[in-house]
Peer 1: 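Let me give you the structure first, and then I'll get to my questions.
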Amino acid sequence: MKKQILSLLDALRGANELSVFTEQFSACCAWVKLNKINKLNEEHSVKEQLQKVMDDCVSVQYHAESWSLSDDALLQLVTSLQQLVRAKAISYQDLSVAITSLLEESGKRYGQLTIPDELTHLGVSLLGDKVESVYCPFTAGYEFAHKLPLGSLAEGETPLRLDEFYAKVQNVLLERNFRVNCNDPIFTPTLIGDGGLKQFQSSIAMPPLGQKYPKSDIHDIWGRFPEKSLMADVYQLRHMLAHVSDIVVGFVTNGFLYRSAAGEKLFKQDVLEKNWLKAVISLPSNLLSSTSIPLSIVVFDKQKTNDSVLFIDTSSEHFIDKSSRVRNKLTNIDQILSIYNSLDNSGFSKLCSITDIEAMDYNLSPSRYVLTNEDMALQKFLEQYPTVKLSELVEIVRPQAVKHDADADAEYIEHNLTSLNTIGQLEGAGKLIKVATKDIAKVEKQKIQEGDVLVSCRGAVGRIALIDDNIEDNVIASQAFAILRLKPYVDNVSSVALYQYLISKFGQQQLSGLVTGTTAQMLSAKDLSNIEIPVFSAEKLAELESVRLNVLDAHQKIIELQKDIEEINLSWIAQKA
């Protein structure tokens, strides 16, 4: 933001609420531009003229009398802006940037979405030359529309009245003609053409993130939604696809990429069968000021001729500018575009077939397909041994919640993550749970046995336990774990070997690569069952048994040394006879 504008804002903002002050400042900026081109007269007060800007020129109903700035302060603000513009100290582009900066600051406080320039630049660039007519719906659609070539026809729909207001103010300042209607495009679309929804060449949007639509609330007459889904991503993307003949660029949460709920999986299957999905680009975390939800981009092309999907992983630090303390900033955008346009494999991308995606159960996370240096090291290690899927070696038991019944007689001890010591043993008393007779059969199925390997699948995913021979008969695992129990006929892998591999850097890498979830990390039983486990020779199995014995011996020595330390610390205290 230009220092002259910043100084003016600091002088006049005072204790005014930021969101309200931003509206007033934006109206003043529009007034200055419109007054310069003689669209306003001088017969009214400042507040009346600002009201005219919004009601007549910007077409947004808002009552200026509710503003917190006095008429004198508004006059000072408008006059100062006029003088700065006439002196060419600032431009209308600078005023546009200042409004965006205020909105970004407001977004940090109130969660209002603003889209960083680097994301709008990347998104619009992904449209290529398909920009003759572009549909920019949902929140802050104008931020994409105003980055399009001047000759593009851009229209949008937004359910937010303030979003419509800022779109039209920015139209004034940037001399754009982004046409936006205030309505919810999912429930009440208004851009209607011959025979259905109005058609555009392309569409780009960052729909509301993490939103849910109750199924009963959607009554669609346009045939947009063949799938039913709890999360809104499917509806939002379907709506955009219904409006275009060519390209859709949609920003989605990472959760959408890996979720396999019925509606989302059916959507992914359908767009792959139609050969519409062109690329998926994972982005670095913390790019938005209003939320920490990680984002990715999905690109659809209804005219696509090749039958492959390009996965690009830009989530690494290579694509992060650390100069901002507030958030991460996407960088090396030209490199991303070069990778996207090459449609080929690279250190950050992988071109995959539909069969590859089907094998991953339609998980669209680029990290599942693009190999990092660590992934290649893992692959090289596994190539040294025969491998089998974990499900071929073990039975996977997923414990369920056990209800405590204070009046019951059957007692069990439940262990959770806090029971694990540094060498994967269960320590401590655990949690006493009394179980009613009707629940005993269920609880018995999730008892821990000697030789079981426990894998944490919730929260601190990847912590491992190995159950030794002194386990009591009534011990169960909490829901945080999956119990891996060797199948009776397996003789080429031992419990110790499985434990030692899973705690190794390669085993941990495999587990961490399967983690899903943003606020609460999860590892699904299905993903866990598909992990490739190396099968070792008898000599290597014996070596791993020896390793475990050495660990147990070293751990015992540590315990003894800790006791010695405690005794030494107390030795100075004199004992009276």
Peer 1: Judged by atom type as modelled, is there a donor-acceptor pair below 3.5 Å linking the side chain of S96 to the main-chain atoms of Y92?
Peer 2: no

Peer 1: Any chance the rings of Y235 and F225 have centres within less than 6.0 Å?
Peer 2: yes

Peer 1: Please give me the minimum heavy-atom distance between E157 and L191, naming the atom from each residue.
Peer 2: OE2-N, 3.5 Å

Peer 1: Ignoring hydrogens and geometry, is there a side-chain-to-backbone donor-acceptor pair from K147 to T120 under 3.5 Å?
Peer 2: no

Peer 1: Do E227 and S229 have a side chain donor and acceptor closer than 3.5 Å?
Peer 2: no

Peer 1: Using side-chain heavy atoms (C-beta onward) and a distance below 4.5 Å, is T158 in contact with V180?
Peer 2: yes

Peer 1: Looking at every heavy atom in both P189 and R224, which two are closest together, and how far apart are they?
Peer 2: CG-NH1, 3.9 Å

Peer 1: With a 6.0 Å cut-off on the ring centroids, do H239 and Y135 count as close?
Peer 2: yes

Peer 1: If I compare all heavy atoms of A205 with all of P137, which pair ends up nearest, and what's the gap?
Peer 2: CB-O, 3.6 Å

Peer 1: Examine the side chains of D163 and T139 and answer whether a donor and an acceptor come within less than 3.5 Å of each other.
Peer 2: no

Peer 1: To the nearest 0.5 Å, what is the distance between CG (D246) and CD (Q201)?
Peer 2: 5.0 Å

Peer 1: Does the side chain of Q199 pick up a donor-acceptor pair with the side chain of S245 at under 3.5 Å?
Peer 2: no

Peer 1: Would you say L153 and E132 make side-chain contact, with heavy atoms under 4.5 Å?
Peer 2: no

Peer 1: Between L9 and F21, does the side-chain contact (heavy atoms from CB on, under 4.5 Å) criterion hold? Intermediate values first, please.
Peer 2: CA-CA 9 Å; L9 294 177; F21 177 78; 3.6 Å; yes

Peer 1: Any idea which heavy atoms bring L148 and C136 closest together, and the distance?
Peer 2: CD1-SG, 4.4 Å

Peer 1: CG of L514 to CG of D527: how many Å apart, nearest 0.5 Å?
Peer 2: 5.0 Å

Peer 1: For F256, does the six-membered ring have the charged nitrogen or CZ of K268 within the cation-pi criterion, i.e. under 6.0 angstrom from the centroid and within 45° of the normal?
Peer 2: yes

Peer 1: When you compare the side chain of Y166 with that of T22, does any pair of heavy atoms fall below 4.5 Å?
Peer 2: yes

Peer 1: Hey, are the side chains of L283 and N254 touching, using non-hydrogen atoms and a 4.5 Å cut-off?
Peer 2: no

Peer 1: Taking side chain to side chain contact (heavy atoms under 4.5 Å, CB included) as the test, write out the residues that go with R86, two or more places apart.
Peer 2: Q82

Peer 1: Assess whether side-chain contact (heavy atoms from CB on, under 4.5 Å) is satisfied between D334 and I336, documenting all intermediate values.
Peer 2: CA-CA 5 Å; D334 288 343; I336 298 172; over 6 Å; no

Peer 1: Looking only at non-hydrogen atoms, find the nearest pair between S260 and D361 and report the distance.
Peer 2: CB-OD2, 4.2 Å

Peer 1: Please name all residues satisfying side chain to side chain contact (heavy atoms under 4.5 Å, CB included) with A262, sequence neighbours left out, ordered by chain then number.
Peer 2: none

Peer 1: Indicate yes or no for a side-chain donor-acceptor contact from N341 to the backbone of L337 under 3.5 Å, with no hydrogens or angles considered.
Peer 2: yes

Peer 1: Do T331 side-chain atoms and I320 backbone N/O form a donor-acceptor pair below 3.5 Å?
Peer 2: no

Peer 1: Using 0.5 Å steps for rounding, measure from the CD1 atom of I339 to the CD1 atom of I312.
Peer 2: 6.0 Å

Peer 1: Applying salt bridge (charged side-chain N to carboxylate O under 4.0 Å, His left out) to D220 and R238, what does each step give before you reach the verdict?
Peer 2: CA-CA 12 Å; D220 179 46; R238 277 293 186 194; over 6 Å; no

Peer 1: Indicate yes or no for a side-chain donor-acceptor contact from K278 to the backbone of V309 under 3.5 Å, with no hydrogens or angles considered.
Peer 2: no

Peer 1: Is a side-chain donor or acceptor of S80 paired with a backbone partner of Q76 at a separation under 3.5 angstrom?
Peer 2: yes

Peer 1: Could you walk me through whether W276 and D301 pass the side-chain contact (heavy atoms from CB on, under 4.5 Å) test, one step at a time?
Peer 2: CA-CA 5 Å; W276 286 354; D301 183 353; over 6 Å; no

Peer 1: So does E155 pair up with K198, basic N to acidic O under 4.0 Å?
Peer 2: yes

Peer 1: Given the ring of Y369, does K350 sit roughly above its face, with NZ or CZ under 6.0 Å from the centre of the six-membered ring and within 45° of the axis?
Peer 2: no

Peer 1: Given K329 and E118, is the side-chain contact (heavy atoms from CB on, under 4.5 Å) satisfied, shown in steps?
Peer 2: CA-CA 8 Å; K329 182 178 179 181; E118 57 272 17; 3.2 Å; yes

Peer 1: Would the F311 and F348 ring centres measure less than 6.0 Å apart?
Peer 2: no

Peer 1: Testing the 3.5 Å rule here: is there a donor-acceptor pair between the side chains of S367 and D313?
Peer 2: no

Peer 1: Would you call L288 and P116 a side-chain contact if the rule is heavy atoms closer than 4.5 Å?
Peer 2: yes

Peer 1: Is there a side-chain contact between L310 and D344, using heavy atoms and a 4.5 Å cut-off?
Peer 2: no

Peer 1: Answer yes or no: is there a donor N or O on one side and an acceptor on the other, between the side chain of S202 and the main chain of K130, under 3.5 Å?
Peer 2: yes

Peer 1: Would you give the length of the straight line joining atom OG of S101 to atom NZ of K2, rounded to the nearest 0.5 angstrom?
Peer 2: 12.5 Å

Peer 1: What's the spacing between F25 CZ and L102 CG if we round to 0.5 Å?
Peer 2: 6.0 Å

Peer 1: What verdict does the side chain to side chain donor-acceptor pair (under 3.5 Å) test give for S91 and Q93, after you've listed the backbone C-alpha separation in whole Å, the side-chain angles of each residue and the deciding distance to 0.1 Å?
Peer 2: CA-CA 5 Å; S91 66; Q93 176 70 41; over 6 Å; no

Peer 1: Between D10 and K3 (salt bridge meaning N to carboxylate O under 4.0 Å), is one present in this structure?
Peer 2: no

Peer 1: For a quick test of reading the model, state the closest non-hydrogen atom pair linking F178 to N171 and the distance between them.
Peer 2: O-ND2, 2.8 Å

Peer 1: Is it the case that the side chains of N286 and S292 hold a donor-acceptor pair, with the cut-off being a distance below 3.5 Å and no angle test?
Peer 2: no

Peer 1: Within the side chain of R327, is there an N or O that forms a donor-acceptor pair under 3.5 Å with the backbone of S285?
Peer 2: no

Peer 1: Using modelled atom types and a 3.5 Å cut-off, is there a donor and acceptor pairing between side-chain atoms of Q24 and backbone atoms of V20?
Peer 2: yes

Peer 1: Is the closest side-chain heavy-atom distance between R176 and Q170 below 4.5 Å?
Peer 2: no

Peer 1: Counting N and O atoms only, with roles assigned by atom type, does the side chain of H146 sit under 3.5 Å from a partner on the main chain of Y142, one being a donor and the other an acceptor?
Peer 2: yes

Peer 1: Are the side chains of L95 and V97 in contact, using a 4.5 Å heavy-atom criterion?
Peer 2: no

Peer 1: Could you state the interatomic distance from CG (D307) to OG (S353), rounded to the nearest 0.5 Å?
Peer 2: 7.5 Å

Peer 1: Not counting sequence neighbours, which residues clear side chain to side chain contact (heavy atoms under 4.5 Å, CB included) with Q509? List them please.
Peer 2: E374, D375, L378, F506

